[in-house]
Asker: 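The structure under discussion is supplied below as C-alpha coordinates; questions concerning it will follow.
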Amino acid sequence: MPTRHPNPQHVPSYRNPSAKQKPTFGTDPQRTQAARAFHHGAQTYQDVRPYYPAEVAELIASAHRVADIGAGTGKLTESLTNPHVLAVEPSADMAHVLRLRLDIPIIRATAEHTALADASLDAACLAQTWHWVDVAAASAELDRILAPGGRVLLVWNTLDVHADPWILRLSRIMHSGDVHRPGFYPEYTAPWTLDRELRLSWSHELTPEQLHRLMHTRSYWLRNNEAIHQRMTHNLDWYLYEYMGFSAGEKLQIPYRTDAFVLVREADSIS
(Lines give C-alpha, C1' and ligand atoms only; values in the text may rest on other atoms or scores of the structure.)
Protein backbone atom coordinates (compact mmCIF):
# COMPACT_ATOMS: atom_id res chain seq x y z
CA MET A 1 0.00 0.00 0.00
CA PRO A 2 1.50 3.39 -0.92
CA THR A 3 2.01 5.68 2.06
CA ARG A 4 -0.10 8.84 1.90
CA HIS A 5 1.46 12.05 3.13
CA PRO A 6 -1.11 14.88 3.22
CA ASN A 7 0.43 18.28 3.75
CA PRO A 8 -0.53 19.52 7.25
CA GLN A 9 -0.49 23.12 5.97
CA HIS A 10 -3.52 22.34 3.82
CA VAL A 11 -5.64 21.13 6.71
CA PRO A 12 -6.22 23.71 9.47
CA SER A 13 -7.20 21.11 12.06
CA TYR A 14 -3.68 19.68 12.13
CA ARG A 15 -1.92 20.62 15.35
CA ASN A 16 1.42 19.67 16.80
CA PRO A 17 1.51 16.32 18.59
CA SER A 18 1.13 16.32 22.34
CA ALA A 19 4.23 17.06 24.42
CA LYS A 20 2.67 15.67 27.60
CA GLN A 21 4.23 13.02 29.80
CA LYS A 22 0.79 11.53 30.51
CA PRO A 23 -2.95 12.22 30.27
CA THR A 24 -4.16 14.93 32.60
CA PHE A 25 -7.45 15.12 34.50
CA GLY A 26 -8.90 18.08 36.37
CA THR A 27 -9.65 16.05 39.49
CA ASP A 28 -9.31 12.50 40.78
CA PRO A 29 -13.07 11.91 40.35
CA GLN A 30 -12.78 12.96 36.69
CA ARG A 31 -10.00 10.43 36.17
CA THR A 32 -12.07 7.73 37.86
CA GLN A 33 -15.14 8.59 35.79
CA ALA A 34 -13.13 8.40 32.56
CA ALA A 35 -11.70 5.01 33.56
CA ARG A 36 -15.17 3.65 34.32
CA ALA A 37 -16.09 4.11 30.66
CA PHE A 38 -14.32 0.80 30.04
CA HIS A 39 -16.94 -1.08 32.04
CA HIS A 40 -18.60 -1.89 28.70
CA GLY A 41 -17.49 -2.52 25.12
CA ALA A 42 -15.10 -5.35 26.01
CA GLN A 43 -15.71 -7.52 22.94
CA THR A 44 -14.99 -4.65 20.57
CA TYR A 45 -11.85 -3.91 22.59
CA GLN A 46 -10.74 -7.50 22.17
CA ASP A 47 -11.47 -7.53 18.44
CA VAL A 48 -9.56 -4.41 17.35
CA ARG A 49 -7.09 -3.30 20.01
CA PRO A 50 -3.55 -4.50 19.22
CA TYR A 51 -1.60 -7.07 21.18
CA TYR A 52 1.86 -6.32 22.58
CA PRO A 53 5.19 -7.22 20.97
CA ALA A 54 6.70 -10.43 22.38
CA GLU A 55 9.65 -8.46 23.74
CA VAL A 56 7.39 -6.95 26.40
CA ALA A 57 6.56 -10.23 28.14
CA GLU A 58 10.23 -11.19 28.02
CA LEU A 59 11.01 -8.32 30.41
CA ILE A 60 9.47 -10.33 33.29
CA ALA A 61 9.81 -13.86 31.86
CA SER A 62 11.93 -15.05 34.79
CA ALA A 63 9.26 -14.22 37.40
CA HIS A 64 7.42 -17.21 38.91
CA ARG A 65 4.19 -15.59 40.12
CA VAL A 66 2.76 -12.72 38.08
CA ALA A 67 -0.42 -10.64 38.17
CA ASP A 68 -1.65 -8.67 35.17
CA ILE A 69 -3.39 -5.75 36.87
CA GLY A 70 -6.01 -3.95 34.81
CA ALA A 71 -5.80 -6.94 32.49
CA GLY A 72 -8.80 -5.95 30.36
CA THR A 73 -9.57 -8.76 27.92
CA GLY A 74 -6.10 -10.23 28.32
CA LYS A 75 -4.19 -8.57 25.49
CA LEU A 76 -0.94 -8.68 27.47
CA THR A 77 -1.93 -11.57 29.74
CA GLU A 78 -2.06 -13.97 26.82
CA SER A 79 1.61 -13.37 26.00
CA LEU A 80 2.90 -14.05 29.52
CA THR A 81 4.90 -17.28 29.77
CA ASN A 82 5.35 -17.31 33.55
CA PRO A 83 4.44 -20.51 35.49
CA HIS A 84 1.69 -18.83 37.54
CA VAL A 85 -0.34 -15.95 36.08
CA LEU A 86 -3.48 -14.32 37.44
CA ALA A 87 -5.49 -11.32 36.29
CA VAL A 88 -6.85 -8.37 38.26
CA GLU A 89 -9.62 -6.47 36.45
CA PRO A 90 -12.36 -4.20 37.88
CA SER A 91 -14.72 -4.32 34.87
CA ALA A 92 -17.24 -7.19 34.82
CA ASP A 93 -17.51 -6.92 31.02
CA MET A 94 -13.75 -7.08 30.50
CA ALA A 95 -13.40 -9.92 33.02
CA HIS A 96 -16.15 -11.89 31.26
CA VAL A 97 -14.37 -11.74 27.88
CA LEU A 98 -11.06 -12.57 29.56
CA ARG A 99 -12.60 -15.59 31.30
CA LEU A 100 -13.87 -16.93 27.96
CA ARG A 101 -10.40 -16.67 26.47
CA LEU A 102 -7.96 -17.68 29.20
CA ASP A 103 -8.16 -20.31 31.92
CA ILE A 104 -6.51 -18.35 34.72
CA PRO A 105 -7.67 -16.95 38.08
CA ILE A 106 -9.38 -13.55 37.79
CA ILE A 107 -9.89 -11.14 40.67
CA ARG A 108 -12.35 -8.24 40.37
CA ALA A 109 -10.30 -5.46 41.95
CA THR A 110 -8.30 -2.31 41.20
CA ALA A 111 -4.61 -1.46 41.17
CA GLU A 112 -5.01 0.53 44.37
CA HIS A 113 -6.81 -2.30 46.21
CA THR A 114 -5.93 -5.66 44.62
CA ALA A 115 -7.11 -7.93 47.48
CA LEU A 116 -3.91 -9.97 46.99
CA ALA A 117 -1.84 -11.24 49.91
CA ASP A 118 1.31 -9.52 51.15
CA ALA A 119 4.48 -10.48 49.21
CA SER A 120 2.48 -12.96 47.11
CA LEU A 121 3.92 -12.03 43.69
CA ASP A 122 7.28 -11.86 41.95
CA ALA A 123 6.09 -9.40 39.29
CA ALA A 124 3.07 -7.31 38.36
CA CYS A 125 2.30 -5.81 34.97
CA LEU A 126 -0.03 -2.97 34.07
CA ALA A 127 -0.74 -2.42 30.37
CA GLN A 128 -2.71 0.67 29.25
CA THR A 129 -3.59 1.01 32.95
CA TRP A 130 -1.16 3.18 34.88
CA HIS A 131 -2.53 6.54 33.68
CA TRP A 132 -5.95 5.61 35.11
CA VAL A 133 -4.72 4.91 38.65
CA ASP A 134 -3.86 6.90 41.75
CA VAL A 135 -0.09 6.62 41.35
CA ALA A 136 0.82 6.98 45.03
CA ALA A 137 -1.82 4.47 46.18
CA ALA A 138 -0.98 1.98 43.43
CA SER A 139 2.76 2.28 44.10
CA ALA A 140 2.15 1.49 47.77
CA GLU A 141 -0.11 -1.44 46.91
CA LEU A 142 2.52 -2.90 44.59
CA ASP A 143 5.09 -2.58 47.36
CA ARG A 144 2.77 -4.57 49.62
CA ILE A 145 1.95 -7.43 47.24
CA LEU A 146 5.37 -7.93 45.63
CA ALA A 147 7.94 -10.13 47.35
CA PRO A 148 11.53 -8.92 47.86
CA GLY A 149 13.18 -8.56 44.47
CA GLY A 150 9.78 -8.09 42.82
CA ARG A 151 9.37 -6.11 39.61
CA VAL A 152 6.68 -3.88 38.12
CA LEU A 153 6.13 -3.74 34.36
CA LEU A 154 4.33 -0.67 33.00
CA VAL A 155 3.53 -0.71 29.27
CA TRP A 156 1.64 1.34 26.71
CA ASN A 157 0.70 0.83 23.06
CA THR A 158 0.23 4.22 21.41
CA LEU A 159 -0.64 5.31 17.90
CA ASP A 160 2.63 6.60 16.46
CA VAL A 161 1.45 10.04 15.43
CA HIS A 162 4.98 11.06 14.45
CA ALA A 163 5.23 8.31 11.82
CA ASP A 164 2.95 10.02 9.28
CA PRO A 165 0.82 13.20 9.38
CA TRP A 166 -2.35 11.29 8.51
CA ILE A 167 -2.06 9.24 11.72
CA LEU A 168 -1.88 12.41 13.81
CA ARG A 169 -5.16 13.68 12.39
CA LEU A 170 -6.68 10.21 12.69
CA SER A 171 -5.89 10.25 16.40
CA ARG A 172 -7.57 13.67 16.77
CA ILE A 173 -10.74 12.55 15.01
CA MET A 174 -10.91 9.33 17.02
CA HIS A 175 -10.11 11.20 20.26
CA SER A 176 -7.33 8.69 20.82
CA GLY A 177 -5.27 11.28 22.59
CA ASP A 178 -1.58 11.19 21.68
CA VAL A 179 -0.87 12.18 25.26
CA HIS A 180 2.39 10.31 25.80
CA ARG A 181 5.15 12.09 23.94
CA PRO A 182 8.00 10.01 22.54
CA GLY A 183 10.58 9.39 25.24
CA PHE A 184 8.11 9.93 28.11
CA TYR A 185 8.64 8.38 31.55
CA PRO A 186 5.82 7.31 33.88
CA GLU A 187 5.34 8.66 37.37
CA TYR A 188 5.84 6.41 40.39
CA THR A 189 6.60 6.85 44.06
CA ALA A 190 8.98 5.28 46.56
CA PRO A 191 10.21 2.65 46.95
CA TRP A 192 10.16 2.19 43.17
CA THR A 193 12.85 3.25 40.72
CA LEU A 194 13.37 2.69 37.00
CA ASP A 195 15.51 -0.35 36.17
CA ARG A 196 14.95 -0.84 32.44
CA GLU A 197 13.02 0.59 29.50
CA LEU A 198 12.00 -0.73 26.10
CA ARG A 199 10.90 1.40 23.13
CA LEU A 200 9.56 -0.26 19.99
CA SER A 201 7.95 0.83 16.71
CA TRP A 202 5.77 -1.53 14.67
CA SER A 203 2.49 -1.63 12.73
CA HIS A 204 -0.98 -3.10 13.18
CA GLU A 205 -3.14 -3.99 10.17
CA LEU A 206 -6.69 -2.63 10.22
CA THR A 207 -9.36 -1.82 7.64
CA PRO A 208 -11.32 1.47 7.65
CA GLU A 209 -14.26 -0.42 9.19
CA GLN A 210 -11.99 -1.68 11.98
CA LEU A 211 -10.70 1.84 12.57
CA HIS A 212 -14.30 2.82 13.28
CA ARG A 213 -14.52 0.00 15.81
CA LEU A 214 -11.18 1.05 17.30
CA MET A 215 -12.67 4.51 17.82
CA HIS A 216 -15.50 2.82 19.73
CA THR A 217 -12.97 1.53 22.30
CA ARG A 218 -11.78 5.00 23.31
CA SER A 219 -12.82 6.44 26.64
CA TYR A 220 -14.21 9.57 24.94
CA TRP A 221 -16.58 7.48 22.79
CA LEU A 222 -17.64 5.19 25.63
CA ARG A 223 -18.60 8.01 27.98
CA ASN A 224 -20.44 10.16 25.43
CA ASN A 225 -23.93 10.16 23.91
CA GLU A 226 -25.41 9.28 20.53
CA ALA A 227 -25.11 12.82 19.17
CA ILE A 228 -21.36 12.79 19.80
CA HIS A 229 -21.14 9.30 18.30
CA GLN A 230 -22.84 10.48 15.10
CA ARG A 231 -20.50 13.44 14.78
CA MET A 232 -17.39 11.30 15.32
CA THR A 233 -18.64 8.69 12.84
CA HIS A 234 -19.32 11.35 10.19
CA ASN A 235 -15.89 12.93 10.71
CA LEU A 236 -14.07 9.62 10.49
CA ASP A 237 -16.02 8.55 7.39
CA TRP A 238 -15.12 11.82 5.67
CA TYR A 239 -11.48 11.53 6.62
CA LEU A 240 -10.96 7.89 5.64
CA TYR A 241 -13.08 7.70 2.48
CA GLU A 242 -13.17 11.25 1.07
CA TYR A 243 -10.01 12.97 2.23
CA MET A 244 -7.66 9.95 2.35
CA GLY A 245 -9.41 8.04 -0.45
CA PHE A 246 -9.31 4.64 1.23
CA SER A 247 -11.70 1.89 0.14
CA ALA A 248 -13.95 -0.26 2.30
CA GLY A 249 -12.05 -3.38 3.32
CA GLU A 250 -8.66 -1.93 2.36
CA LYS A 251 -5.88 -3.20 4.63
CA LEU A 252 -4.01 -0.32 6.22
CA GLN A 253 -0.75 -0.51 8.15
CA ILE A 254 -1.31 1.58 11.28
CA PRO A 255 1.96 2.59 12.96
CA TYR A 256 2.22 1.99 16.69
CA ARG A 257 4.72 2.71 19.41
CA THR A 258 5.27 0.54 22.48
CA ASP A 259 6.85 2.03 25.61
CA ALA A 260 7.60 -0.38 28.46
CA PHE A 261 9.28 0.22 31.82
CA VAL A 262 10.51 -2.14 34.53
CA LEU A 263 10.51 -0.77 38.06
CA VAL A 264 12.37 -2.29 40.99
CA ARG A 265 12.68 -1.23 44.61
CA GLU A 266 15.40 1.35 45.21
CA ALA A 267 17.15 -1.01 47.66
CA ASP A 268 17.28 -3.76 45.01
CA SER A 269 18.74 -1.40 42.41
CA ILE A 270 21.61 -0.51 44.75
CA SER A 271 22.44 -4.03 45.91
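Computed from a predicted structure; not experimentally measured.
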Asker: Going by an N to O cut-off under 4.0 Å, is there a salt bridge joining R151 and D195?
Answerer: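 Salt bridge between R151 and D195, a charged N being under 4.0 Å from a carboxylate O: no.
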Asker: In terms of ring plane angle, is the pair H131 and H180 parallel, tilted or perpendicular, where the classes change at 30° and 60°?
Answerer: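 Because their plane-to-plane angle is over 60°, the rings of H131 and H180 count as perpendicular.
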Asker: Would W238 and W166 show up in the same hydrophobic cluster when neighbours are defined by side-chain heavy atoms closer than 4.5 Å?
Answerer: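 In one cluster with W238: W166, yes.
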Asker: Pairing donors with acceptors under 3.5 angstrom, does anything connect the side chains of S219 and R223?
Answerer: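 There is such a pair between these side chains.
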Asker: Closer than 3.5 angstrom, by distance alone: can the side chain of S120 be matched with the main-chain N or O of A117 as a donor-acceptor pair?
Answerer: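 Judged by distance alone, yes, a pair lies under 3.5 Å.
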Asker: Check whether any side-chain N or O of K75 sits under 3.5 Å from a backbone N or O of Y52 as a donor-acceptor pair, and report yes or no.
Answerer: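 Not a single qualifying donor-acceptor pair exists.
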Asker: So which heavy atom on R218 is nearest to which on S176, and how close?
Answerer: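 That would be NE-OG, 3.3 Å.
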Asker: Hey, does the side chain of D268 reach the backbone of V264 with a donor-acceptor pair shorter than 3.5 angstrom?
Answerer: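 Checked: no pair found.
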Asker: Indicate yes or no: does D143 engage R265 in a salt bridge with an N to O separation below 4.0 Å.
Answerer: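 The answer is yes: the pair qualifies as a salt bridge.
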Asker: Take E250 and T207, measure what side-chain contact (heavy atoms from CB on, under 4.5 Å) needs, and give me the verdict at the end.
Answerer: CA-CA 5 Å; E250 183 175 351; T207 65; over 6 Å; no
Asker: Strictly distance-based, threshold 3.5 Å: is any side-chain N or O of Q128 a donor or acceptor partner for the main-chain N or O of N157?
Answerer: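 Such a contact is found between Q128 side chain and N157 backbone.
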Asker: Answer yes if the ring centres of F261 and F184 are under 6.0 angstrom apart, and no otherwise.
Answerer: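 Ring centroids of F261 and F184 are less than 6.0 Å from each other.
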Asker: Group every Ile, Leu, Val, Met, Phe, Trp and Tyr by side-chain heavy-atom contacts under 4.5 Å, then state whether I104 and V97 land in the same group.
Answerer: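 Cluster IDs for I104 and V97 differ.
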Asker: Short question: side chain of E141, backbone of T114 - any donor-acceptor pair under 3.5 Å?
Answerer: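 Flag set: sc E141 to bb T114 pair under 3.5 Å.
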Asker: Take L126 and V155, measure what side-chain contact (heavy atoms from CB on, under 4.5 Å) needs, and give me the verdict at the end.
Answerer: CA-CA 6 Å; L126 299 95; V155 56; over 6 Å; no
Asker: Checking S139 side chain against A136 main chain: does a donor-acceptor pair fall under 3.5 Å?
Answerer: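 Such a contact is absent between S139 side chain and A136 backbone.
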Asker: Using the rule that two of Ile, Leu, Val, Met, Phe, Trp, Tyr join whenever any of their side-chain heavy atoms come within less than 4.5 Å, decide whether M174 and Y243 are in one cluster.
Answerer: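 In one cluster: yes.
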Asker: Under 3.5 Å, side chain of E78 to main-chain N/O of L102, donor-acceptor pair present?
Answerer: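 Side chain of E78 to backbone of L102: no pair is present.
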Asker: Answer yes if the ring centres of W221 and H175 are under 6.0 angstrom apart, and no otherwise.
Answerer: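 Not under 6.0 Å, so no.
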Asker: Grouping I, L, V, M, F, W and Y whenever their side-chain heavy atoms are under 4.5 Å apart, do M94 and L100 come out in a common cluster?
Answerer: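 In one cluster: no.
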Asker: In sequence, state the C-alpha distance, the side-chain angles, and the governing distance for L198 and L59, and then conclude on side-chain contact (heavy atoms from CB on, under 4.5 Å).
Answerer: CA-CA 9 Å; L198 175 69; L59 293 171; 4.1 Å; yes
Asker: With T77, which of V66, I106, V85 fulfils side-chain contact (heavy atoms from CB on, under 4.5 Å)?
Answerer: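 Between T77 and the candidates, side-chain contact (heavy atoms from CB on, under 4.5 Å) is satisfied uniquely by V85.
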Asker: Which heavy atom in A124 sits nearest to a heavy atom in L146, and how many Å separate them?
Answerer: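 Shortest heavy-atom contact: N-CD2, 3.9 Å.
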Asker: What is the ring orientation for Y241 with H212, classed by angle as parallel under 30°, tilted 30 to 60°, or perpendicular over 60°?
Answerer: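 The rings of Y241 and H212 lie parallel, inter-plane angle below 30°.
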Asker: Give a yes or no on whether the backbone of I173 and the side-chain of N235 come within a donor-acceptor separation of less than 3.5 Å.
Answerer: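 Absent.
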Asker: Would you say the side chains of T217 and R49 form a donor-acceptor pair under 3.5 Å?
Answerer: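 Checked: T217/R49 side chains pair up, N/O donor to acceptor below 3.5 Å.
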Asker: Think R199 forms a cation-pi with Y185, using NZ or CZ under 6.0 Å from the six-ring centre and within 45 degrees of its axis?
Answerer: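 Positive - R199 is close enough to the ring of Y185 and near enough to its axis.
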Asker: Indicate yes or no for a side-chain donor-acceptor contact from D122 to the backbone of G150 under 3.5 Å, with no hydrogens or angles considered.
Answerer: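 Not a single qualifying donor-acceptor pair exists.
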Asker: Quick one: closest heavy-atom pair of L200 and P53, and the distance?
Answerer: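 Closest pair (atom of L200, atom of P53, distance): CD1-CB, 3.7 Å.
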Asker: Would you say the side chains of T193 and E266 form a donor-acceptor pair under 3.5 Å?
Answerer: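 On atom types as modelled, these side chains do not qualify, holding no pair under 3.5 Å.
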Asker: Walk me through whether H204 and Q253 qualify under side-chain contact (heavy atoms from CB on, under 4.5 Å).
Answerer: CA-CA 6 Å; H204 181 46; Q253 296 301 318; over 6 Å; no
Asker: Test your reading of the model: is there a side-chain donor-acceptor pair from N82 to the backbone of H84, 3.5 Å cut-off?
Answerer: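 A pair under 3.5 Å: no.
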Asker: Of P182, S201, S171, which is the lone residue that meets side-chain contact (heavy atoms from CB on, under 4.5 Å) with D160?
Answerer: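 Single side-chain contact (heavy atoms from CB on, under 4.5 Å) partner of D160 among P182, S201, S171: S201.
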Asker: Using only heavy-atom distances, determine whether the side chains of W156 and T258 contain a donor-acceptor pair under 3.5 Å.
Answerer: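 Side-chain D/A pair, W156 to T258: absent.
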